[in-house]
Amino acid sequence: MIRRRSTPWIHKWSRPLIAAIAGCGALTTGYLTIEKLTGGSAACVAQAGVKGCNDVLSSPWATIFGQPLALFGFMAYTGMVILALAPLVLNSGDNNSRKQLENWTWWLLLVGAIAMSVFSGYLMYLLAFQIKALCPYCIGSALFSTSLLVLTIIGRTWEDIGQILFTALIVGMVTLIGTLGIYAGVNQSPITTGTPGEPVKISFTPKVDPNPAFGWEITTTSGEAEIALAQHLVKIGAKEYVAYWCPHCHEQKLLFGKQAYQELNEKVKVECAPDGLKAQPELCKAAKIEGFPTWIIDGKSYSGVQNLEELAKVSGYTGPRNFQYFK
């Protein structure tokens, strides 16, 4: 009697496992996409002196082609879910068609997993050496990508290992070259010059450690609209909860400019970092502040960097609105 060789358990469960991991990746990147698009503050506990998830979301590397990087990650993970489950869901009666579908989806899963792993590796390099931040979501996404690659390789019997290595080399090179090309023009300066008379877009990537007394030097100047809005916020009792080491908080300062932010510094700003100048961490704790900056205006909380037009809108400001900068 001939005993049939049993199928390894990993071959039976590889596709559901790939779908589950890719689903977790889609949830993570989907959440980050929503936070980026809405200007929210990612649920990530930041430590004093260490940049976190919100710093990553506001970095110049967090946007490509004008859209959040996390959105492309969400699309990639969703595609992996579809490829993993397609042969299981589309259970065709034609055995040849099903085998062909399985074969094609395995190769597409392999190509996708290689590309995602290479791209995630480059993002980990940026996280460690450029942004210098600790982002659990980003690290988790990199682990998901690597797990997908491992499962794709061991999840079935590949007849030609050499072809896998050749595919990995080609896809890896194309992905890396494309990634370097996409980020070649990333602007790391605090201010992006624009058309004369038009608002100027600002971004900030710290190159030196923050000073506990003031963070970083404000390099933008204020116009009448910025100063008038600052005075209005003081008048209505608005509060901005900040930490001196937070790059987002400095971006908010850049939006106001040096002169206008002086109006806010004493009466609106609340320093939450315990080692900061005139720190009031007890007020931050009482207000249940989870991210920086957080504005509280008329009893409502607004997390993340707020464009001055938005602050004007929610605060009932009716003065001039020819603001010079935007995020």
Side-chain angles (χ1 to χ4, degrees), residues 31-32 35-36 38-59 127 131-139 190 202 204-220 229-308 310-311 314-315 327:
Y31 167 69
L32 294 178
E35 293 300 322
K36 178 69 175 178
T38 60
S41 179
C44 177
V45 179
Q47 302 296 326
V50 179
K51 290 186 283 185
C53 307
N54 294 315
D55 301 287
V56 177
L57 287 178
S58 66
S59 74
L127 192 69
I131 308 173
K132 298 180 180 178
L134 181 62
C135 176
Y137 299 108
C138 309
I139 297 171
I202 65 101
F204 176 66
T205 301
K207 293 180 172 59
V208 297
D209 293 333
N211 188 315
F214 58 84
W216 295 274
E217 193 71 34
I218 301 176
T219 56
T220 54
L229 175 60
Q231 292 172 341
H232 170 73
L233 292 171
V234 172
K235 183 178 179 180
I236 66 171
K239 292 296 180 184
E240 182 200 16
Y241 295 85
V242 304
Y244 74 85
W245 44 260
C246 166
H248 296 310
C249 304
H250 187 68
E251 287 179 330
Q252 190 72 75
K253 294 178 183 179
L254 292 174
L255 291 176
F256 276 99
K258 189 171 185 177
Q259 296 81 359
Y261 203 78
Q262 287 177 348
E263 302 277 345
L264 305 174
N265 200 36
E266 294 292 333
K267 297 181 179 179
V268 172
K269 186 188 81 170
V270 179
E271 177 61 59
C272 295
D275 57 335
L277 182 65
K278 298 182 179 179
Q280 303 179 76
E282 67 284 352
L283 295 183
C284 305
K285 185 176 181 180
K288 298 181 179 179
I289 302 302
E290 296 182 351
F292 309 115
T294 294
W295 289 86
I296 294 185
I297 301 173
D298 292 333
K300 295 184 178 180
S301 177
Y302 303 89
S303 299
V305 180
Q306 305 295 318
N307 279 313
L308 301 195
E310 183 63 23
L311 286 177
V314 300
S315 68
K327 169 64 178 173

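Shown here for Ala230 and Ala260, the closest heavy-atom pair between the two residues is CB-O, 3.4 Å. Here the closest non-hydrogen pair linking Ala273 and Ala279 is O-CB, 3.0 Å. Between Tyr244 and Gly276, the shortest heavy-atom contact is CD2-CA, 3.7 Å. Taking each heavy atom of Leu283 and Tyr241 in turn, the nearest pair found is O-CE2, 4.1 Å. The minimum heavy-atom distance linking Pro206 with Pro247 is given by the pair CG-CG, 4.1 Å. Taking every heavy atom of both residues into account, Gly257 and Thr220 meet most closely at CA-OG1, 3.2 Å.
Partners of Cys272 according to the disulfide bond (SG atoms under 2.5 Å apart) rule, which considers only residues two or more places apart in sequence or in another chain, are Cys284. Legend: residues meeting side chain to side chain contact (heavy atoms under 4.5 Å, CB included) with Ala213, ordered by chain and number and at least two apart, are Asn211, Leu277. Every residue two or more places apart in sequence or in another chain was checked for a side chain to side chain donor-acceptor pair (under 3.5 Å) with Gln280, and none qualifies. Residues satisfying the salt bridge (charged side-chain N to carboxylate O under 4.0 Å, His left out) criterion with Lys258, sequence neighbours excluded, are Glu217. Taking the salt bridge (charged side-chain N to carboxylate O under 4.0 Å, His left out) definition, one finds that Lys300 meets it with nothing, sequence neighbours left out.
Considering Gln252, Lys253, Glu271 as possible partners of Val242, the one that fulfils the side-chain contact (heavy atoms from CB on, under 4.5 Å) test is Glu271.
His250 and Phe204 have tilted rings, their planes meeting at an angle from 30° to 60° on a 0 to 90° scale.
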Would you check, one step at a time, whether the test side-chain contact (heavy atoms from CB on, under 4.5 Å) holds for Leu233 with Trp295?
CA-CA 11 Å; Leu233 292 171; Trp295 289 86; 3.9 Å; yes
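The salt bridge (charged side-chain N to carboxylate O under 4.0 Å, His left out) pairs that include a residue from residues 259-270 are Glu266-Lys278, where partners are two or more places apart or lie in different chains.
Taking CD of Gln262 as the start and CZ of Phe256 as the end, the distance is 13.5 Å to the nearest 0.5 Å. Taken to the nearest 0.5 Å, the NZ atom of Lys207 stands 12.0 Å off from the CH2 atom of Trp216. Between the CD1 atom of Ile218 and the CG atom of Asn265 there is a distance of 7.5 Å, given to the nearest 0.5 Å. Here the straight-line distance linking atom CD1 of Ile139 with atom CG of Leu134 works out to 5.0 Å at 0.5 Å rounding. The CG atom of Asn307 sits 6.0 Å away from atom CG of Leu255, with the distance rounded to the nearest 0.5 Å. We find the OG-CD distance between Ser315 and Gln306 to be 11.0 Å, quoted to the nearest 0.5 Å.
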